[in-house]
Amino acid sequence: MFEINSAPQVNLQNQSFVAYAGKVLGGGSIVNGMGYDRGTQPDYDAWGELGNDGWNWDNLLTYFKKSSTFTPNKAETLSKYNYTYDLSAYGTGPVQVSLPEWQYPEMPAFWDAMDEMNINKVQEGALGEPGCFWVAASTDPKYQTRSSARSAYYDPITTRSNLKVVTGIQVQEIVFSTLTAKGVKLLDRDTGKTYTAYADMELILAAGAIHTPQILQLSGVGPASVLKAAGVKVKVDLPGVGNNFQDHPAAYLMYNLANDTTINTNSLTNNATFNATSYDEYVANKTGPYTQAHGNGAAFLPLSKIAPDNYKSIVEKLSAQNATAYLPEMYSAYPELVAGYEAQRKIQVEQFSSDAASMYEFSFQGGGFAITALQKPTSRGTVYIDPSNPSGEPIVDYHGLKNPVDVDLLLASIRYTRQIYNTTALSVFEPVELTPGAKYQTDDELKSQIASGLVYPTFAHPASTCAMMPRNLGGVVDSGLQVYGIKKVTIIDASIMPMIPGTHLQATVYAIAEKAADIIKARHGA
Ligand SMILES: Cc1cc2nc3c(=O)[nH]c(=O)nc-3n(C[C@H](O)[C@H](O)[C@H](O)COP(=O)(O)OP(=O)(O)OC[C@H]3O[C@@H](n4cnc5c(N)ncnc54)[C@H](O)[C@@H]3O)c2cc1C
């Protein structure tokens with residue numbers, strides 16, 4: 001894994017947080033938590049509203065389906081856990097998606113808590129509607145193992161004569177003939193030797209939202225001041241590269257369930273017998289706790305649901321802001337970056353006022369680990385090459401909670417999660433809040449906890465650093481995913497998402513990649 005220490009986060013008591021990304025063939029899909037889900041419909045319609053023809057929920061649904069296959073469980077498992085799903089959300093694509101053969105005994109009480117909170121129970125979360133639902137995993141049910149970009153897309157075609165994958169190689173920069181990309185300079189990490197690889201038709205960058213902007217910046221394509229500070233010759237002053245950085249800030253609430261069931265979410269780690277029998281069961285039958293990659297319950301909810309009394313004031317505050325006051329310093333030098341943010345803010349104002357777009361995530365497995373994540377951050381971060389070591393890791397700065405609206409959204413979110421743990425349904429477990437702790441109640445008390453460790457500015461979902469938007473809105477790629485100002489460079493990864501969707505990102509990256517394949521084939525008349 002890449003584990004990059006972020007710049008100190010000014011609004012989080014100068015703490016540094018690790019930015020994680022997969023450093024392996026298959027990228028994040030090899031190391032991720034295997035949650036397979038999709039954002040709400042307005043999340044993707046927003047991409048079209050930002051000037052990207054052909055990018056919206058309806059169109060991406062085609063590619064969500066094209067990339068995935070859902071396999072229902074055995075009938076007895078379906079009825080035992082009341083699993084719900086809708087096959088119309090999936091197709092017959094390479095990524096295998098399924099629900100596990102096992103759930104912790106506390107789960108029914110958590111679903112009862114959802115009922116008690118009047119949360120809409122959605123049959124299938126992957127159809128873009130907010131509510132609570134069963135979240136599937138990228139698990140191949142045949143073997144009960146991970147289905148990844150590698151196993152789904154690469155392993156079946158390794159013998160193709162026109163495909164060669166090389167690993168242990170780091171792309172350093174693009175090689176140009178004037179402004180047309182001819183290939184890339186490569187570093188062999190083991191030997192330290194460098195090579196050049198040439199591309200006949202076009203070059204595709206897919207290094208993820210942290211390293212794709214780094215490669216462009218090292219190639220002289222990015223904000224001029226960043227390039228100059230690092231001694232890189234400016235080819236194209238393209239300010240969007242490395243700006244508009246988004247992730248999901250998350251609050252890690254923790255409860256002690258004083259009266260938990262005998263087998264619970266801690267049992268695999270603190271009950272050696274349970275762990276051993278569970279492992280044997282998995283090896284023998286591919287059933288039991290080891291078929292579960294992560295908690296399969298989640299509520300993705302709109303702001304109006306979690307903060308019915310004050311969502312309008314939060315929306316008014318966001319609308320009234322002088323945007324540049326809370327944006328990274330560089331935005332002041334580029335009116336197009338501010339214009340792009342303002343276009344996004346207009347959409348966020350609509351989304352925060354709507355019942356159809358989620359702002360809050362609460363994932364549950366049973367147990368007292370109550371992750372509460374903000375799905376639509378209003379702050380924007382930066383990923384810039386390091387002037388003192390340009391070819392080392394870039395400087396990742398989340399600018400976490402720079403916009404005070406994010407703090408308002410987190411306060412509302414934390415309070416809503418507390419309400420869930422205060423339901424009669426969960427009272428049987430006698431939950432006691434450990435983190436932040438029930439003694440922190442007022443806004444100021446909670447804000448001090450948010451700043452001092454309760455909240456991380458990242459959920460390992462880096463996105464949006466080479467946004468697909470018009471150039472006059474600070475975009476980096478057009479709706480054909482080609483980089484502005486240079487020729488023959490296409491980007492296909494999470495960096496192109498103009499606004500981060502309210503979901504874990506892998507399903508969306510697969511859909512982008514499938515759509516990109518069609519775009520590129522059409523471009524070359526294939
Ligand atoms: C720990 C963790 C847990 C996660 N959990 C979930 C989850 O449960 N569900 C979910 O949906 N999403 C999850 N995600 C997020 C999801 O995996 C990512 O959003 C997704 O993988 C991003 O895809 P990408 O193609 O943009 O980038 P990546 O998957 O990061 O792929 C980029 C690839 O480029 C390579 N690379 C980088 N720089 C260079 C270079 N200079 N030269 C050559 N190669 C390079 C990397 O090694 C990597 O293989 C998680 C991510 C992490 C890190």
Side-chain angles (χ1 to χ4, degrees), residues 1-4 17-39 64 67-68 95 97 125-126 135-139 146-150 152-154 165-174 184-189 194-195 197 203-219 246-248 250 292-296 298 300 361 363 365 371 373 383 385 390-394 456 458-466 481 491-497 500-514 516:
M1 279 230 264
F2 291 105
E3 295 181 17
I4 305 165
F17 296 85
V18 179
Y20 293 103
K23 189 179 188 179
V24 57
L25 180 63
S29 74
I30 303 286
V31 298
N32 68 22
M34 298 162 71
Y36 181 94
D37 50 8
R38 303 168 188 170
F64 279 126
S67 52
S68 63
V95 180
V97 181
V135 179
S138 46
T139 303
R146 179 184 291 269
S147 180
S148 66
R150 175 180 174 157
Y153 283 96
Y154 173 64
V165 167
V166 284
T167 55
I169 299 285
Q170 184 179 332
V171 172
Q172 292 185 306
E173 61 180 272
I174 300 171
V184 281
K185 201 166 117 193
L186 306 170
L187 169 73
D188 184 323
R189 285 196 187 114
T194 56
Y195 305 85
L203 192 70
I204 294 170
L205 286 183
I210 293 173
H211 294 103
T212 288
Q214 179 194 28
I215 294 168
L216 281 177
Q217 290 169 7
L218 287 172
S219 310
Q246 296 164 50
D247 199 327
H248 295 132
Q292 197 186 66
H294 57 82
N296 298 99
F300 283 85
E361 172 189 351
S363 290
Q365 182 179 22
I371 297 177
V383 177
I385 44 175
S391 58
E393 291 300 356
Y456 284 39
T458 169
F459 208 31
H461 290 167
S464 309
T465 47
C466 294
L481 302 178
I491 301 180
I492 308 177
D493 59 27
S495 72
I496 67 99
M497 301 175 183
I500 192 168
T503 181
H504 308 163
L505 298 185
Q506 67 168 341
T508 305
V509 176
Y510 285 125
I512 291 170
E514 285 284 7

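Each ligand, and each atom within it, is numbered from 1 in the order the structure gives. These numbers come from the heavy atoms of this one structure, side chains and all, not from hydrogens, waters or symmetry mates.
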To check your reading of the model: name the closest protein heavy atom to [atom], its residue, and the distance in Å.
| atom | result |
| --- | --- |
| atom 45 (C) of ligand 1 | A207 CB, 4.1 Å |
| atom 6 (C) of ligand 1 | N32 CB, 3.3 Å |
| atom 52 (C) of ligand 1 | A460 CB, 3.6 Å |
| atom 26 (O) of ligand 1 | A494 N, 2.8 Å |
| atom 33 (C) of ligand 1 | A206 O, 3.6 Å |
| atom 42 (N) of ligand 1 | V171 N, 2.8 Å |
| atom 10 (C) of ligand 1 | H504 CB, 3.2 Å |
| atom 38 (N) of ligand 1 | H211 CB, 3.3 Å |

Heavy-atom distance to [atom]: which of [options] wins?
| atom | options | answer |
| --- | --- | --- |
| atom 47 (O) of ligand 1 | A293, A21, G22, S138 | G22 |
| atom 9 (N) of ligand 1 | G35, G26, G33 | G35 |
| atom 53 (C) of ligand 1 | Y36, Y510, Y20, F459 | Y20 |
| atom 19 (O) of ligand 1 | V166, L505, V24, V31 | L505 |
| atom 43 (C) of ligand 1 | I169, T465, V184 | I169 |
| atom 27 (O) of ligand 1 | G208, A137, G27, G28 | G208 |

Kindly check if the number of other-residue, nucleotide or ligand heavy atoms within 6.0 Å of CZ (F17) is above 12?
yes

Backbone or side-chain N or O of [X] under 3.5 Å from ligand 1 N or O:
| X | answer |
| --- | --- |
| I492 | no |
| Q506 | yes |
| A209 | no |
| F2 | no |
| V509 | no |

Residue pair [X] / [Y], side-chain heavy-atom distance below 4.5 Å:
| X | Y | result |
| --- | --- | --- |
| Y153 | E514 | yes |
| Y20 | E3 | yes |
| T508 | F64 | yes |

Rounded to the nearest 0.5 Å, how far apart are [atom1] of [X] and [atom2] of [Y]?
| X | Y | atom1 | atom2 | answer |
| --- | --- | --- | --- | --- |
| L205 | H211 | CG | NE2 | 13.0 Å |
| E361 | H504 | CD | NE2 | 3.5 Å |
| S29 | R146 | OG | CZ | 7.5 Å |
| Q170 | K23 | CD | NZ | 7.5 Å |

Is at least one protein non-hydrogen atom found at under 4.0 angstrom from atom 40 (C) of ligand 1?
yes

Just which atoms of ligand 1 are under 4.0 Å from any heavy atom in K23?
47 (O)

Atoms of ligand 1, numbered as shown, that sit under 4.0 Å from any heavy atom of D493
24 (P), 25 (O), 26 (O)

Contacts of A206 that satisfy side-chain contact (heavy atoms from CB on, under 4.5 Å) - sequence neighbours left out
none

With heavy atoms under 4.0 Å as the rule, classify the contact between M34 and ligand 1 as side chain, backbone, both or neither.
backbone

